Structures are given as structure tokens and as C-alpha cells.
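Heads up, the thing below is written out as C-alpha cells.
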Amino acid sequence: MRILIIGGTKFIGPHVIRLLLEEGHDLTLFHRGKTSTNLSENIQRIFGDRNKLDQHSNVLQKVKADVVLDMIPYSEKDAQMVMKVFSGFAERVVAISSADVYRAYEILHRIKAGPVQEIPLKETDELRSTFYPYRGKIQEDFAHDYEKILVEKTVLNDTNFPGTVLRLPMVYGPHDPQRRMFEYIQRMKDERPYILLDERMSDWKTSMGYVENVASAVVMTMLKKDTASHVLNIGEKEPLSMLERIKEIGKVMNWKGQVISVPEGYLQNEIPFDTQQELVLDTTKIRERFNYMEAISHDEGIRRTVQWELANLPNESPFDYNQEDRMIHTLNLENGRH
Ligand SMILES: NC(=O)c1ccc[n+]([C@@H]2O[C@H](COP(=O)([O-])OP(=O)(O)OC[C@H]3O[C@@H](n4cnc5c(N)ncnc54)[C@H](OP(=O)(O)O)[C@@H]3O)[C@@H](O)[C@H]2O)c1
């Protein structure tokens, strides 16, 4: 298959590329060339900024892609430009979206008051009614116009150029720019006797996905024509609570310490969200209708993540262990333990 990827060189993309190359597909990447990665010489590259995608129309259309994968559609304009440039010049488009489209997200982040949305969230469930969730909250360029709901609508609206939308969970793994497991791995490596966890987070569940498994779901969607016009959730079959996740990391690292639940108001970085609302995705559709299965086991995904984090830890821990010790002391006194 001839495949054109917008983006593809940072975190999830390199695994998508590897899997596609292993199957012998013909790849072209469009990106700015700022994020470098060791790419095979067999990949054709077109350099440019997606904000000016239409200025590259000629060269992009000449690729005659069977599938265009847009790894980074953030705004309505991003999606409109992709549809305009490739309609008539490619057969299908696959767009990467996010679990943040569901109403649950605005409840969780206290963007809007309302009843908790029932989980697990199916693809047909209610979406947010408030738009632009990161506007004014994140300083990065993409944040102001970021709205995956509008991206999805645009991609699904063109009957002549069918689109597939993939709703991703929180993704973790080696090279994770958000380093979601770092705070636990650093403390375990430092043989801390305990890790403090806000008690409201202990049982809280969110869907996550190991990066290589998420990439294989993306690849499967690109290769299966009958995924066209579908919206698909991606994520673990059975999400764990935060406490369970930390314990899993501990098991892999052979950590002998203890996770201690701390009441609201004690920790420096207070959690800003409403943990009554969980963000768990129902992944039945991609599994049953399209036979998706994870290739990498949960334990192995954690093991690979731990291995990468350990090789990339800072020289000094950024955490204030003295302060944590003082807090434990206070908590013990308050609980009558000495
Ligand atoms: N990580 C998560 O937990 C998570 C959760 C939900 C959804 N997602 C979605 O996953 C996607 C991102 O995943 P990823 O970072 O792993 O993707 P990736 O495709 O591996 O990397 C991002 C790519 O975008 C390119 N890029 C960035 N800005 C560009 C621009 N203005 N013009 C052209 N190319 C540009 C970068 O290359 P250059 O810098 O060289 O241009 C890089 O190749 C997003 O759609 C995000 O919403 C992620």
C-alpha cells in the first residue's frame, strides 16, 4: 500500500512506521524536520509545516496515497486542509483523535458541572458541549485552536473521501514526552520506602495504552478498508486504578516500599479534577468487529517503559524527599502512630 503520514517521527509515529515497513508498505512522511529520528532510507520525506499544507498540494497529491494517516490533527482548520488537499488524490484518511472528546472529560476537569458520565465510554456516547479544552491553559502553539471534536466532524463528513477516527487513551512507553510513569520509577529507583498518593486517586481509573499496542491498532485501521467511516476507541481491555498501576511498576522494579494514601489537602500538587468521573473507554468495537488484539502484554509494556526511564533518569531526583518524610511523620502522628 502507498501510505502518506502527516507527522510520524516523535512517540507513537515511529512504531507505526516500523510496523508498516515490516509489512513492506511504501511510506512518505510529511513533517517539518524538527523532530529527528533514525528513519529508514526507504522512506520518502516531504518537509513542510502542516499549517501551510496546501502550499505543498502538488507534491503531496503526486504520492497518490491509498491511505493518509494524520497523526497530528489538532484543529478544525488542520482537518479541513487535509480533506481539501487529499480529496480525489487519496482513497481514505485516518485521523488520530483523543478520549478528551467525551463529556466525561469536561466533568473530570471541572470545565462544566453536571452528572457523572457512565463508563465505559462507547463511541456513540455523548461528547463535550464545551469546546477548546486547552485554550488559555496550555501555552503551546497547538492549544488555542485544539478541538478534536471539530477534527472528527470534518474528517467524517466527506462521503467521497472516507475517514476513520481513532480515539486514543493516555499513551505511555519509551520516549513518552509526558513521562507519565517517571515520578514513580524515580522514587522506586531511589529505594524510597513509600510513595504518597492522593487518596482520591487511589481507586481512580483511566484508560491507558502501551505505545506499541496503540501503534498496532493504528496500523490495523490503515490496512483494513472496512474501518472506513468508523470511530474507534483504543485502549486497554481492563484499565487499572492508579494504585494498581503503581504496584505493577513496583513489581517490575522489585520495589519493597509501600504506597500510602494521603487525604485531600496534604500533597503539594493538589489534583485539580473531580475523580468521581473516571475516563474509561469501551474498546469492544475495535476488538470484536475488527479483531484487534494487543501484541505486547501489559507486564512487558511496563517492563520496556521502566527500562527506558531508568536509562534516561536525571542525575538528581527532582523530588523533595525530606518534605515527603516530614509529611509521613505528621500523618503518623495524626493517626496516632509513632
Ligand atoms: N500521547 C498521548 O497520551 C495521547 C493521547 C491522546 C491522543 N494523542 C494524540 O496523538 C497524536 C500525537 O502523537 P505523537 O506525538 O506520538 O505523534 P508522532 O506522529 O510520533 O509525532 C508528531 C509529529 O508531528 C510532526 N509535527 C509537529 N508539528 C508539525 C507541523 N506544524 N507541521 C508538520 N509536522 C509537524 C513532528 O515532526 P517535526 O517536529 O519534525 O515537524 C512529528 O513527526 C496527537 O494527535 C495527539 O492528540 C496522544
Side-chain angles (χ1 to χ4, degrees), residues 3-20 27-39 43 45-56 59-60 68-79 81-82 85 93-102 104-105 121 132-134 138 140-152 155 163-182 206-219 221-222 231-236 239 279 281 283 301 305:
I3 291 167
L4 189 141
I5 301 178
I6 301 175
T9 59
K10 196 172 178 184
F11 175 40
I12 308 165
H15 293 288
V16 172
I17 290 172
R18 176 178 52 78
L19 293 169
L20 288 169
L27 298 193
T28 302
L29 299 193
F30 176 86
H31 69 122
R32 295 166 304 180
K34 283 192 180 179
T35 311
S36 57
T37 185
N38 293 331
L39 289 175
I43 301 176
R45 284 161 91 184
I46 301 168
F47 293 108
D49 189 327
R50 74 154 313 140
N51 295 311
K52 295 173 187 155
L53 195 72
D54 50 352
Q55 292 183 5
H56 304 269
V59 60
L60 292 168
V68 173
L69 168 65
D70 191 352
M71 283 298 304
I72 44 162
Y74 290 129
S75 66
E76 183 177 29
K77 190 175 149 235
D78 287 347
M81 198 101 92
V82 167
V85 168
V93 60
V94 173
I96 302 299
S97 183
S98 160
D100 71 20
V101 294
Y102 289 107
Y105 187 87
L121 300 156
Y132 307 111
Y134 305 125
I138 296 181
E140 287 177 60
D141 286 351
F142 77 90
H144 190 266
D145 293 326
Y146 176 103
E147 186 46 84
K148 294 277 191 188
I149 294 178
L150 297 177
V151 167
E152 292 189 358
V155 167
T164 308
V165 162
L166 298 178
R167 291 183 181 154
L168 268 50
M170 283 186 189
V171 186
Y172 68 93
H175 301 280
D176 174 5
Q178 299 188 57
R179 300 189 73 167
R180 297 183 191 276
M181 296 187 174
F182 163 72
T206 187
S207 287
M208 293 186 87
Y210 174 64
V211 63
E212 294 180 65
N213 290 330
V214 170
S216 74
V218 174
V219 168
T221 309
M222 290 163 74
V231 176
L232 298 170
N233 284 338
I234 298 177
E236 304 147 325
L279 203 58
L281 301 176
T283 59
T305 309

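Throughout, numbering of the chain's residues begins at 1 and tracks the sequence. All figures in this text were calculated on a predicted structure; none of them were measured in a lab. Read the numbers this way: they start at 1 and go in the same order the structure lists the ligands and their atoms.
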| query | Could you walk me through whether Leu19 and Ser216 pass the side-chain contact (heavy atoms from CB on, under 4.5 Å) check? | reply | CA-CA 7 Å; Leu19 293 169; Ser216 74; 3.9 Å; yes

Any side-chain to backbone donor/acceptor pair from [X] onto [Y]? Under 3.5 Å, distance only.
X	Y	value
Glu236	Ser207	no
Arg50	Ile72	yes
Ser97	Val165	no

Heavy-atom nearest pair, Tyr172 first then Thr305, reads CD1-OG1, 3.5 Å

- Query: Aromatic rings Phe30 and His56: how do their planes relate, parallel, tilted or perpendicular, breaks at 30° and 60°?
  - Reply: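 Ring orientation, 0 to 90° scale: perpendicular.
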
Distances under 3.5 Å, N/O of ligand 1 against N/O of the protein: list each pair and its distance.
from: ligand 1; atom 1: 3 (O); to: Val171; atom 2: N; distance (Å): 2.9
from: ligand 1; atom 1: 3 (O); to: Arg180; atom 2: NH2; distance (Å): 2.7
from: ligand 1; atom 1: 16 (O); to: Ile12; atom 2: N; distance (Å): 2.7
from: ligand 1; atom 1: 19 (O); to: Gly8; atom 2: N; distance (Å): 2.5
from: ligand 1; atom 1: 20 (O); to: Lys10; atom 2: N; distance (Å): 2.9
from: ligand 1; atom 1: 20 (O); to: Phe11; atom 2: N; distance (Å): 3.0
from: ligand 1; atom 1: 20 (O); to: Gly13; atom 2: N; distance (Å): 2.8
from: ligand 1; atom 1: 21 (O); to: Lys10; atom 2: N; distance (Å): 3.3
from: ligand 1; atom 1: 28 (N); to: Arg32; atom 2: NH2; distance (Å): 3.3
from: ligand 1; atom 1: 31 (N); to: Asp49; atom 2: OD1; distance (Å): 2.9
from: ligand 1; atom 1: 32 (N); to: Arg50; atom 2: N; distance (Å): 2.8
from: ligand 1; atom 1: 37 (O); to: Thr9; atom 2: OG1; distance (Å): 3.4
from: ligand 1; atom 1: 37 (O); to: His31; atom 2: ND1; distance (Å): 3.4
from: ligand 1; atom 1: 39 (O); to: Arg32; atom 2: NH2; distance (Å): 2.9
from: ligand 1; atom 1: 39 (O); to: Thr35; atom 2: N; distance (Å): 3.2
from: ligand 1; atom 1: 39 (O); to: Thr35; atom 2: OG1; distance (Å): 2.4
from: ligand 1; atom 1: 40 (O); to: His31; atom 2: ND1; distance (Å): 2.7
from: ligand 1; atom 1: 40 (O); to: Gly33; atom 2: N; distance (Å): 2.9
from: ligand 1; atom 1: 40 (O); to: Lys34; atom 2: N; distance (Å): 2.7
from: ligand 1; atom 1: 40 (O); to: Thr35; atom 2: N; distance (Å): 2.8
from: ligand 1; atom 1: 41 (O); to: Arg32; atom 2: N; distance (Å): 2.8
from: ligand 1; atom 1: 41 (O); to: Arg32; atom 2: NE; distance (Å): 2.8
from: ligand 1; atom 1: 43 (O); to: Gly8; atom 2: N; distance (Å): 3.2
from: ligand 1; atom 1: 43 (O); to: Thr9; atom 2: N; distance (Å): 2.9
from: ligand 1; atom 1: 43 (O); to: Thr9; atom 2: OG1; distance (Å): 2.5
from: ligand 1; atom 1: 45 (O); to: Met71; atom 2: O; distance (Å): 2.7
from: ligand 1; atom 1: 45 (O); to: Lys148; atom 2: NZ; distance (Å): 2.9
from: ligand 1; atom 1: 47 (O); to: Lys148; atom 2: NZ; distance (Å): 3.1

